[in-house]
Participant: 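Please read through the structure below; I'll follow up with questions.
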Amino acid sequence: MSQDLFQAPDYYQLDELLTEEHILVRNAAREWVKKEVSPIIEEAAQQAKFPKSIISGLAEIGAFGPYIPEEYGGAGLDQISYGLIMQEIERGDSGVRSTASVQSSLVMYPIWKYGNEAQRQKYLPKLASGEFLGCFGLTEPDHGSNPGGMTTNIKDMGDYYLLNGAKMWISNAPFADVAVVWAKNEEGRIKGVLVERGMEGFSTPETHNKWSLRASATGELIFDNVKIPKENILPNKDGLGAPLGCLDSARYGIAWGAIGAAMDCYDTALRYAKQRIQFGKPIAGMQLQQKKLAEMITEITKAQLLTWRLGVLRNENRATTAQISMAKRNNVDMAIHIAREARQILGAMGITGEYSIMRHIMNLESVITYEGTHDIHLLITGMDITGISAFK
Ligand code: TGC
Ligand code: FAD
């Protein structure tokens, strides 16, 4: 990839809405991405390899558990700092942000919120430092948008539980040390189960041939009569609301992350358009290209404002699931549109790995599907404003 010349757009001087701490945290993440992610990410994506070398750096910038209390190894930051870290990481690559999202909001969050003190002490510090990597198993081959229909199950055997079933499309599965798995008990109630690598009957085959999110490893989780010690059940919340609560936190991070991908595409296209001469002048001087660029910065600015406000609401514990859905849906859609337009501004160069845009487009095809599809989030908004569910 060409040298990383990224300059973040801030058209409405939104930095003035941030505290000194937000800016420090954001700038540290921004510098780290420039130094450690940009130089290696294109090759990692081309080779479809998760770049394990970045794990310790992710931990150092506070990307593993940004809002988890410091007593458990987290960074103890607020929700806006969490969002800004996700924005900067996804500016580099959505797959790297995925790793941070899963670790923080889908693994550390449920252990922190739904686990007991022994579980918190055992797992959280190791997850925060990157010594352990985790994954989150909700989706099944036959249950994606409808996770409540899951068939993965646990059976009480007296001294232990027996876990059977399978999960699919699980980020980080191939190398995760611990999996937070959602399974139904004999009463049909969904429980969180901590499954550790090495448990007999537990395997994690990798999913190959992805055209998207190639720098993130995806796999299955297969449970064939896995003996689960009773202390590995998350005791403090059950039902579908437990995994959905984790999704609120991860979807919020994605809303910020998508802005990062969009900013990178816009910035790349703007720089290219100013330099690329056709018909005797820079293409940035052509009305059609200006329309694209002007619409991009308008949409980025609207998304920045929406997301900052959502962060304030989350800091005050007032953000609703439906508000988070709106931001995830809007921002990912905004980013994928900007990426496609930016790609066109670069002409043929836009399809090469010399620039990040094509990789962002392909990544965003996963981001618009996972953590609730574009359509599911629209239905969540529809249900919220009408009071009528259109899912079934
Ligand atoms: P529904 O009847 O609406 O709700 C069931 C129960 O859950 C409660 N609830 C929530 N609780 C906490 N937080 C939320 N956000 C909640 N949303 C709902 C609800 O009150 C109810 O509680 P109770 O006590 O009455 O039982 O459920 P439904 O079966 O109709 O489904 C609703 C629907 C479709 C919105 C939901 O299931 C959904 O969001 N589907 C999308 C699935 C999804 O997002 N999967 C993501 C998998 S993880 C992933 O993709 C990780 S990618 C990570 C990466 O690499 O970055
Ligand atoms: P389906 O649910 O089969 O949906 C197919 C289509 O039907 C979609 O367009 C959808 O919008 C539409 N649809 C579904 N229901 C309705 C309805 N009621 N009304 C109207 N339209 C509807 N899952 C995890 O648990 N953990 C992970 O770590 C994880 N990582 C992922 C990583 C990647 C790279 C990808 C691609 C996915 C990952 N997922 C993960 C799975 C992801 O959450 C699901 O793919 C997603 O929830 C959609 O499920 P599905 O693919 O089965 O699609």
Side-chain angles (χ1 to χ4, degrees), residues 48 50 63 86 89-90 93-107 109-110 113-114 133-150 152 166-174 176 179-183 188-190 204 206-221 237-258 319-325 328-329 332 362-384 387-392:
F50 171 68
M86 296 298 122
I89 297 176
E90 192 146 2
D93 188 79
S94 304
V96 179
R97 197 269 306 134
S98 252
T99 297
S101 290
V102 169
Q103 184 90 341
S104 300
S105 290
L106 300 182
V107 179
Y109 177 87
K113 282 284 174 186
Y114 314 147
L133 282 181
C135 69
F136 176 89
L138 181 63
T139 305
E140 299 187 349
D142 294 331
H143 301 96
S145 298
N146 175 27
M150 72 175 66
T152 297
K167 301 286 177 180
M168 198 175 176
W169 299 114
I170 308 305
S171 301
N172 298 352
V180 173
V181 173
W182 302 94
R189 198 78 187 145
I190 294 171
T204 60
E206 184 159 0
T207 303
H208 295 290
N209 294 330
K210 291 182 301 168
W211 282 106
S212 176
L213 231 65
R214 288 169 62 82
S216 159
T218 313
E220 294 168 60
L221 303 175
K237 190 161 168 91
D238 54 17
L240 188 57
L244 291 178
C246 308
L247 295 184
D248 276 356
S249 179
R251 290 167 176 172
Y252 166 76
I254 291 173
W256 281 92
T320 65
T321 292
Q323 287 169 334
I324 296 166
S325 277
K328 191 270 184 185
R329 180 174 186 274
V332 177
M362 297 199 303
N363 284 342
L364 289 163
E365 291 291 345
S366 285
V367 182
I368 205 163
T369 290
Y370 67 34
E371 298 272 6
T373 66
H374 189 62
D375 292 336
I376 288 295
H377 288 296
L378 178 128
L379 295 177
I380 291 174
T381 306
M383 183 167 72
D384 193 49
I388 305 166
S389 166
F391 291 112
K392 292 163 198 156

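Both ligands and their constituent atoms are indexed starting at 1 by order of listing. Every value quoted in this text rests on a predicted model; they were computed, and no experiment measured them.
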Participant: Which option, Ser366, Gly241, Pro243, Ser145, owns the non-hydrogen atom nearest atom 6 (C) of ligand 1?
Facilitator: Gly241
Participant: Using distance alone, determine whether His143 and ligand 2 share an N or O pair under 3.5 Å.
Facilitator: no
Participant: Out of Gly372, Gly149, Pro147, indicate the one that has the non-hydrogen atom closest to atom 37 (O) of ligand 1.
Facilitator: Pro147
Participant: Could you list the atoms of ligand 1 found under 4.0 angstrom from a heavy atom of Gly245?
Facilitator: 12 (C), 13 (N)
Participant: Distance to 0.1 Å, residue and atom name: give those for the protein heavy atom nearest to atom 32 (C) of ligand 1.
Facilitator: Phe391 CE1, 4.4 Å
Participant: Below 4.0 angstrom, counting only protein heavy atoms, does anything approach atom 10 (C) of ligand 2?
Facilitator: yes
Participant: Quick check: Ser145 and ligand 2, any N/O pair under 3.5 Å apart?
Facilitator: yes
Participant: For ligand 2, is there an N or O atom under 3.5 Å from any N or O atom of Leu138?
Facilitator: yes
Participant: What protein heavy atom lies closest to atom 39 (O) of ligand 1? Include the residue and the distance to one decimal.
Facilitator: Arg251 NH2, 2.9 Å
Participant: Going by a strict under-4.0 Å cutoff (protein heavy atoms only), does atom 6 (C) of ligand 2 have a neighbour on the protein?
Facilitator: no
Participant: Between Ser94, Gly137, Gly144, flag the one that comes closest to atom 50 (P) of ligand 2 by a heavy atom.
Facilitator: Gly144
Participant: From the options Trp182, Phe391, Phe136, Trp169, select the one whose nearest heavy atom is closest to atom 39 (N) of ligand 2.
Facilitator: Trp169
